[in-house]
Amino acid sequence: MRIATYNVNGVNGRLPVLLRWLEETSPDIICLQELKAPDERFPAAAIEAAGYEAIWHGQKSWNGVAILSRVGTPVETRRGLPDDPDNTQSRYIEAAVNGVLVAGLYLPNGNPRPGPKFDYKLRWFESLVAHAAELVATDMPVVIAGDFNVMPTDRDVYRPERWLDDALFAPEVREAYARLLAQGWTDALRAMHPSETIYTFWDYLRNAYARNAGLRIDHLLLSPALAPRLAAANVDRDVRGWEKSSDHAPVWIELANKPVRASRRKGPKI
DNA sequence: ATGTCACCGTACCGGTGA
């Protein structure tokens, strides 16, 4: 089973690209972020015609998250985090799909730092850490997927020294991500490619994609019950080069039906 | 600051967020 995450940067403006990618790669479950559309403008008919059932949590202009599935109806378990610091921003949706609990999120960007947006990012992250602790305690197979707006380590940034003061790479934010992983989550991309340079985002500015001036900010985290089934993980990098592309590329994991990997040892691996 | 892109309002561009 293939589970993907894709920050589409506008689900209606991106619809041709999204449908082409679905057609070419047929992921089973997809978490979408940055719909930038209210609920009534989610392109449900086109997505259904592509073979997917969907649930979505939209918002006018900004944010917005969705879960798509072609392997059974997503049964929604929650929208918004418990203790969400601002429930007008649509950033979290969660559903049981085909035996896996799937959480899709769009973590606040947080720039400029310092400032109220950065404070909101840290508060939102703490709500996520608290909820993730409850999820991991259930021993369920869980994947938390989405745009975390965090580069976890130096290896995940093309020029780390230039990003130290940015809200996507600030020490407090990386520390929150590390605390999340320390609960027992596996960063699937990094687990499958321990020392590779992997990016999931390239800015529209300054020819970033052609220069491979990228960031790894889209992540799929696997609960201990799910991590042994991780068989493959990668980025559909070429999609970023398509006409009218998002500034993010889709990221995906492949889960086997039975364990294929040793269980993860104690301690964060990022 | 630069640069690019998508959204909205009331709109044929400027403001905002990323």
Side-chain angles (χ1 to χ4, degrees), chain A residues 5-21 31-44 46-47 56-66 84-92 104-125 128 145-152 156-170 172-174 177 199-219 235 237-251:
Chain A
T5 179
Y6 187 19
N7 180 324
V8 289
N9 188 16
V11 71
N12 287 302
R14 206 67 58 211
L15 194 57
V17 168
L18 173 62
L19 294 175
R20 176 182 168 192
W21 171 68
C31 296
L32 298 180
Q33 302 88 38
E34 281 206 86
L35 304 179
K36 292 186 170 181
D39 281 341
E40 62 272 19
R41 292 198 49 218
F42 183 80
I47 282 169
W56 58 93
H57 183 22
Q59 179 186 334
K60 188 165 79 171
S61 302
W62 316 119
N63 311 317
V65 285
D84 200 312
D86 176 2
N87 60 18
T88 68
Q89 301 196 26
S90 300
R91 296 183 176 276
Y92 187 89
L105 66 83
Y106 176 48
L107 210 134
N109 175 295
N111 278 306
R113 168 181 178 266
K117 290 186 177 179
F118 188 68
D119 297 340
Y120 171 64
K121 179 176 196 166
L122 294 181
R123 292 209 313 280
W124 203 96
F125 218 142
L128 175 65
D147 178 358
F148 284 68
N149 270 314
V150 184
M151 297 85 91
D156 304 308
V157 200
Y158 67 101
R159 295 287 314 255
E161 68 280 5
R162 294 194 182 172
W163 287 82
L164 290 170
D165 295 328
D166 192 279
L168 277 67
F169 198 54
E172 311 93 295
V173 176
R174 278 183 281 159
Y177 186 85
Y199 301 136
T200 67
F201 167 94
W202 298 263
D203 206 302
Y204 289 122
L205 281 58
R206 292 172 296 250
N207 209 22
Y209 181 62
R211 296 189 297 118
N212 198 29
L215 311 172
R216 191 174 74 94
I217 56 177
D218 301 274
H219 308 300
V235 180
R237 195 182 184 287
D238 290 353
V239 176
R240 177 62 182 82
W242 291 359
E243 193 78 18
K244 297 282 287 177
S245 164
S246 169
D247 41 6
H248 296 249
V251 187

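Here is the naming used below: chain letters follow the sequence lines, and residue numbers restart at 1 for every chain.
Stacking of A:R174 on the aromatic ring of A:F169 is recorded, both the 6.0 Å distance cut-off and the 45° axial limit being met.
Taking atom P on both B:dC12 and B:dA18, the two are 26 Å apart, rounded to the nearest angstrom. Taking atom P in both B:dA11 and B:dA6, one finds a spacing of 22 Å when rounded to whole Å. B:dG3 and B:dG9 have their C1' atoms separated by 25 Å, with the value rounded to a whole Å. Taking the P atoms as reference points, B:dC8 lies 26 Å from B:dT2, given to the whole Å. The gap from the P atom of B:dA1 to that of B:dC13 amounts to 25 Å, rounded to the nearest Å.
In terms of modelled atom types and a separation under 3.5 Å, the side chain of A:T200 and the main chain of A:R216 share no donor-acceptor contact.
Inter-residue side-chain proximity for A:K121 and A:N109 is flagged as unmet; no heavy-atom pair is nearer than 4.5 Å.
Relative orientation of the A:W56 and A:F42 rings is parallel, given thresholds of 30° and 60° on the angle between their planes.
Between the CG atom of A:D166 and the P atom of B:dA1 there is a distance of 14 Å, given to the nearest Å. Between A:R211 atom CZ and B:dT4 atom C1' the separation is 13 Å, expressed in whole Å.
An OP1 or OP2 oxygen of B:dA6 is reached within less than 4.0 angstrom by a side-chain nitrogen or oxygen of A:R14.
Sequence order on DNA chain B of the closest nucleotides to A:N12 and A:R206 puts A:R206 first from the 5' end.
Sorted by first and then second residue, the salt bridge (charged side-chain N to carboxylate O under 4.0 Å, His left out) pairs with a member in residues 7-17 of chain A form an empty list; sequence neighbours excluded.
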Nucleotide by nucleotide, 5' to 3', does protein get under 4.0 Å of the base (B), only the sugar-phosphate (S), or neither (-) in nucleotides 8-18 of chain B, counting heavy atoms? SS------BSS

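With A:L215 as the partner, the side-chain contact (heavy atoms from CB on, under 4.5 Å) test is satisfied by one option alone out of A:V150, A:D156, A:L168, A:N149: A:L168.
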